Number of protein chains: 2
Amino acid sequence: MGGEPELILVVDDEPQLLRFLGPALTSHGYRVLTAATAAEGELLALSHRPDAMLLDLGLPDRDGLEVVAALRAWADFPIIVVSARGKEDDKVAALEAGANDYLTKPFGTRELIARIRVALRNRPGTAPAPTRYAFGRIALDLETRAVTRGGEAVHLTPNEFRLLLVLARNAGKVLTHNQLLKEVWGPGSAQQHHYLRVYMNQLRHKLEEDPARPRHLQTELGVGYRLVEDPA
Amino acid sequence: MGGEPELILVVDDEPQLLRFLGPALTSHGYRVLTAATAAEGELLALSHRPDAMLLDLGLPDRDGLEVVAALRAWADFPIIVVSARGKEDDKVAALEAGANDYLTKPFGTRELIARIRVALRNRPGTAPAPTRYAFGRIALDLETRAVTRGGEAVHLTPNEFRLLLVLARNAGKVLTHNQLLKEVWGPGSAQQHHYLRVYMNQLRHKLEEDPARPRHLQTELGVGYRLVEDPA
DNA sequence: CCGGATCTTGACGCCATCCTGACGACCGTC
DNA sequence: GACGGTCGTCAGGATGGCGTCAAGATCCGG
């Protein structure tokens, strides 16, 4: 990631806790901003757009749940609620109001740091494409480029693998002949439907129990092909 | 939203807990998938791509942390860890390994539901345009090219599918013979009204309860055909 | 430069789909 | 009541897409 260090806004009215949390967070590489009241916290959140917020529910000037709801109206950063009250009703209410996590005092620093990291990790903008797929007894791993059928390794040629991969990434959907050709053989290969017939045939022989009656690699006549988990 | 209910995969070896969690989750509108071992859980996760996973750390066949790490290698859905051990070290280790949340047994159902909702709410972008139509018991999905009648799959030939699609896109409206012919068979097929009679007949036999008294695929005498949701 | 793996291309039989024709049902008109 | 028109129904023959096999052509590493 390597960019700016993340900014954490801590809103709590206990100076004791702040003196304790500040160093803990900075020592883990975060920048810290503090506020002692809800009003000040909202103001700082608005002006500094922190990457995450630590919010004590027991603030003097305003009800904690209201603060969460008010923030959630516009803020998209994670809000981790901290409270001395540990009843289930309190937790549910805060989470429903929009909090991302709920910690009951007292809590350990390391757990707090871990939960902050989880919250930051889950921010939008990080959608890793899956690197593994499975369809019945067929499994496929992108990183190792390994394909197995019922646990046993199956060797696929490059073109076979690409074809299977395109189908897997769009599992369930029908892909037209030209879509598949473009993805596997590159543009300019349209109308070469014969490739597909040959390679689908090879895939079926390597992956299907009964290549003549494919379970997963289905033909959509006149349209294209599709890979399904289970033959409806 | 508004599509399929979310699928939750619950991996736990205590039947007692499963019997307790299953109804709790389904009653909140989730679909539930269960597994009793890590191996089974990973397989189901791979093949069914749940929207979230509930994972007990104390599984018999494999260390819980390993399972979390292995899943995180490819899975992008939230993993909520459940454990009887509540020590800070355990929590930190699980969260660092990739878990999204950590609940200590015993926990309340409402808190669990609330935390699941938080996890689902935070998922990265999920809004593929649902290209679907429904008319009574007849449903039609453009992406998968699947047509169902009362839930059961119905196979349509390319021409049948195109004809149904044109009618569905103009649901309620009457389409003239020539309009339909042009859309399905291309221009230059005008006056070939016999095509329509044959194919409408086939569609009715595949989709209507009583093909002789069509509910949805209506004839407009001397004009054309129309697809309606409900026979006024 | 050789050998094996992979890709391409051709040929052929089969089968789903499509087209076409024949016939009956229904309705309005003369 | 005969007639013409439109529509629904059925089935057989034609067509084209698909699966299948195998023989070159090509690529690549040793």
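These figures come from a predicted structure and were not determined experimentally. Here is how names work: the chains are called A, B, and so on, in the same order as the sequence lines, proteins then strands, and each is numbered from 1.
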Could you check whether the rings of [X] and [Y] sit parallel, tilted or perpendicular, using 30° and 60° as the cut-offs?
X	Y	result
A/His177	A/Tyr225	perpendicular
A/Trp185	A/Tyr199	perpendicular
B/Trp74	B/Phe77	perpendicular

Begin from the C-alpha positions of B/Arg72 and B/Asn100 and carry the test side-chain hydrogen bond (donor to acceptor under 3.5 Å, both in side chains) through to its verdict.
-> CA-CA 10 Å; B/Arg72 257 299 160 264; B/Asn100 292 62; 2.7 Å; yes

Among residues 156-168 of chain A, which contact DNA chain D at a heavy-atom distance under 4.0 Å?
-> none

Could you state the atom-to-atom distance from [atom1] of [X] to [atom2] of [N] in whole Å?
X	N	atom1	atom2	value
B/Leu217	D/dG8	CG	P	11 Å
A/Leu181	C/dT8	CG	P	11 Å
B/Tyr199	C/dA16	OH	P	15 Å

What string of B, S and - do you get for nucleotides 9-23 of chain D, 5' to 3', when a contact is any protein heavy atom under 4.0 Å?
-> BB------SBBBS--

Can a side chain N or O of B/Tyr195 be found less than 4.0 Å away from OP1 or OP2 on C/dT20?
-> yes

Using only side-chain N and O atoms of B/Trp185, determine if any of them is under 4.0 Å from OP1 or OP2 of C/dC18.
->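 Checking B/Trp185 against C/dC18: no side-chain N or O falls below 4.0 Å of OP1 or OP2.
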
Is the closest side-chain donor-acceptor distance between A/Arg137 and B/Ser47 under 3.5 Å?
->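 Note: A/Arg137 and B/Ser47 side chains miss the donor-acceptor criterion.
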
Is any side-chain heavy atom of B/Leu25 closer than 4.5 Å to a side-chain heavy atom of B/Ile113?
-> yes

Whether B/Arg31 side chain and B/Glu6 backbone form a donor-acceptor pair below 3.5 Å | no

Under 3.5 Å, is there a donor-acceptor pair between the side chain of B/Asp51 and the main chain of B/Leu7?
->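 Flag set: sc B/Asp51 to bb B/Leu7 pair under 3.5 Å.
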
